[in-house]
Asks: 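One structure coming up, written as C-alpha cells, with questions to follow.
Every chain is numbered from 1 and lettered A, B, ... according to where its sequence line falls, protein lines coming before strand lines.
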Amino acid sequence: MSKSPQRIRGTQDIFGEDADRFQTVVAAFERVRRLYGFRRVEMPVFEATQVFARSIGETTDIVSKEMYSFEDRGGDSLTLRPEFTAGICRAYLSEGWQQYAAVKIATHGPAFRYERPQKGRYRQFHQLDAEIIGAGEPAADVEIIAMGAQLLGELGIGERIELKLNTLGDPATRDAWRDALVEHFRARQKDLSEESRARLEKNPLRILDSKEHQDWPIVDSSPVVDDFLTPDAADYFGRVTAGLDAAGIKWTRDPRLVRGLDYYRHTAFEFVTEDLGAQSAVLAGGRYDGLIESMGGPHTPAVGWAAGIERLSMLIEQPGATGMDAALVPLGEAAEAAAVRIAADLRRAGIACEMAYRGNMKRRMQKANASGARYAIIVGDDELARGEAAVKDLQTGEQRSVAIDRLAEAVRGG
RNA sequence: GCGACCGUAGCUCAGCUGGUUAGAGCAUCGGUUUGUGGUACCGAGGGUCGCGGGUUCAAGUCCCGUCGGUCGCCCCA
C-alpha cells in the first residue's frame, strides 16, 4: 500500500479530539501545579545512559530491554528518558538546585520505553511529573498526593479513581518484610504459578500483584508490611495518613502495594481505575529517599509522582469544541482584501476568527459552519459601501447589519 | 520475547458455501443555486483487496510465509 513513510510503531500523531483531550489534561496540570507552588522546569529528552541505568540497577530487564539507548558520534551511550525523575535528580546535583531545597518541581513532555504497544501503552508517551526534592517530612508526601488528587478532581474523574496507599517503611522495615515474603513464597513455591515462580528469583515483591488466580490465596496469606514497621516508620506513615485525612482526601490502604526498586522508602501510592484495560494506574508515585544517594549524591529525601497524559485523556469527558468566535465570508476580491483587515482587527481585539482561503460563498458558509464559529461575518460590496458587514448567527440563523468598526463588540456581546 | 484476533477507497466497513468490469456511508471536488451554512438532490475522482508464494479452469474469499495493526501475557522505572 505504501512506499511513503509510515508512523513508527508505538508513536502517535495526536489530532482532533485526541489533541483537545491532551491539551485539556495539560492545561489542568499547569493550573493545579501553580496552585501548589510547583516551579515549571524543562528537561532534556535524553541523558547519559548512566543516569537511568544507575538509578534503576544495571542488571534488570528494564535497562537491558526497555530503554531506547544509542551511541552518539563521540561514542557516548545516551538514552531517551524513560521517565522524568532520574533526570531531575541529576539536575538537582549537577545544576546546584540543592540551593533551592526543598524544591517543588513540575514538568511534562514525552518519554520513551521500548515496549509492545497496547491500550494505554505507547513507545513514545507523555507524562505529567511532580517532584519535591530535599524534604523528608510527611507533609511533603501529603502535599504532593493532594496535588495529584486535585488534578484528577479538576479533570472530572476523581469519582472513578481510587487512591491506594501503602508504606514500605524505612530500609530496616523493607528488608525484614522482603525476607519474610521470600520465605513465605518459597515455602509455597509448588502452588505458585509458573510466572510467579520465576519472579521469586528475580523480583519477589512483584508476586504481590500477580494476575494469576492460583497465586491469590498465597498472596492473601502473605505477611503484611505492618508487622515489620519500625516505630519511626509507623509514626511516619501515621502522619501521612493523618495529613491526608485533614486535607479531606479519600484513600484506601493496600498493604501489598509495592515498588520494586531499592531506593523507595515509606510512602507508595497509586491512583487506579478499572476503565483502562490491562492498565490500572493513572497517577503513581512515592518517596524515593535512596535515589539521589545511589546516583552518587548526598543522602537527599524526595517524593514525587508521574501520570500518563494519554491515560488521563482517555478517561476524561470529551472536551467542548474549541470553536472560533467568527468566520469571515467575503464575496469577491475587493471584499476579500477588506476582510483581511477586518480579521486582523478582530483578532487584535481578542476575537477568534478565520477566513477560508478559497471557495464561493456557499463553500465558505459551509466552512464557517464546520469551524464551529458562532457567527459568520459576510462582507459584500453593498455592505462595504455602507461601511457595514452582515453578521449571521449560525445557531439561530438570524442576520443583521453591523458597522465594521463595531464588529468586535457585536460578536463579543452575543 | 510469547499468544489471540484482524489487514478491502483518505476514514468506518460490506463483499453469502471461491465464479462476470470490487460496493456503501462519511470525507473531498463539481453541479442544482455566480449573495447565504447546518437538513435535500445529481454527478466525479479515488482501490495492483498489506506484501510474497501456493492450491485451482478461476482467489478479496482457501493454505503457508512475511510485514503491519489491535488486545492480552512478560515487564512496568
Asks: Answer whether the closest heavy-atom distance between the side chains of Y68(A) and R113(A) falls below 4.5 Å.
Replies: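 When only atoms from C-beta onward are counted, R113(A) and Y68(A) do not touch, as no gap falls below 4.5 Å.
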Asks: Look at all strands and tell whether A368(A) reaches a base, only sugar-phosphate, or nothing, counting heavy atoms closer than 4.0 Å.
Replies: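 Answer is nothing: A368(A) stays at 4.0 Å or more from every strand.
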Asks: What I want to find out is whether D191(A) reaches R188(A) closely enough, with some N-O distance under 4.0 Å, to be called a salt bridge.
Replies: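 Looking at D191(A) and R188(A), the cut-off is not met.
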Asks: Using atom P of each nucleotide, how far apart are rA58(B) and rU39(B) to the nearest Å?
Replies: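 rA58(B) and rU39(B) have their P atoms separated by 49 Å.
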Asks: Start with the C-alpha gap between F22(A) and H126(A), add the side-chain angles, then the distance that decides, and say whether ring pair (Phe, Tyr, Trp, His ring centres under 6.0 Å) holds.
Replies: CA-CA 9 Å; F22(A) 193 107; H126(A) 300 82; 5.1 Å; yes
Asks: Please list, chain by chain and in numerical order, all residues satisfying side-chain contact (heavy atoms from CB on, under 4.5 Å) with A140(A), sequence neighbours excluded.
Replies: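 Per chain and number, A140(A) pairs via side-chain contact (heavy atoms from CB on, under 4.5 Å) with I132(A), A135(A), R287(A), V303(A).
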Asks: With sugar-phosphate meaning primed atoms plus P, OP1 and OP2, does R199(A) contact a base, only sugar-phosphate, or nothing at under 4.0 Å between heavy atoms?
Replies: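 Touches sugar-phosphate only.
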Asks: Does the side chain of R363(A) get closer than 4.0 angstrom to OP1 or OP2 of rG30(B) through an N or O atom?
Replies: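 For rG30(B), OP1/OP2 do have a side-chain N/O of R363(A) under 4.0 Å.
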Asks: Base, backbone or nothing for each nucleotide of nucleotides 31-36 of chain B, written B, S, -, heavy atoms under 4.0 angstrom, 5' to 3'?
Replies: -B--BB
Asks: Quick one: list whatever passes side chain to side chain donor-acceptor pair (under 3.5 Å) with Y36(A), sequence neighbours left out.
Replies: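 Checked Y36(A) against side chain to side chain donor-acceptor pair (under 3.5 Å); matches are Q150(A).
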Asks: Please identify each residue that fulfils salt bridge (charged side-chain N to carboxylate O under 4.0 Å, His left out) with E83(A), with sequence neighbours left out.
Replies: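 Testing E83(A) for salt bridge (charged side-chain N to carboxylate O under 4.0 Å, His left out), a comparison that skips the adjacent residues, returns none.
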Asks: Do you see a donor-acceptor pair shorter than 3.5 Å between the side chains of E131(A) and Y288(A)?
Replies: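 Note: E131(A) and Y288(A) side chains meet the donor-acceptor criterion.
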Asks: Under 3.5 Å, is there a donor on one side chain and an acceptor on the other for S222(A) and R256(A)?
Replies: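 Yes, a side-chain donor-acceptor pair sits under 3.5 Å.
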Asks: Is there a donor-acceptor contact under 3.5 Å linking the side chains of T300(A) and E293(A)?
Replies: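 No pair is found: no donor N or O on one side chain lies under 3.5 Å from an acceptor on the other.
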Asks: Dot-bracket for RNA chain B, please, read 5' to 3', with Watson-Crick or G-U wobble pairs under 3.5 Å on both distances, ( ) within the strand, [ ] crossing, | other strand, . unpaired.
Replies: (((((((..((((.....[...)))).(((((.......))))).....(((((..]....))))))))))))....
Asks: Residues of residues 102-124 of chain A with any non-hydrogen atom less than 4.0 angstrom from an atom of RNA chain B: list those, numerically ordered, please.
Replies: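 Contacts with RNA chain B under 4.0 Å: R113(A), E115(A), R116(A), Q118(A), K119(A), R121(A).
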Asks: Is a donor from one side chain sitting under 3.5 angstrom from an acceptor on the other, for Y236(A) and D170(A)?
Replies: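 No, because no side-chain N or O of Y236(A) sits under 3.5 Å from a partner of the opposite role on D170(A).
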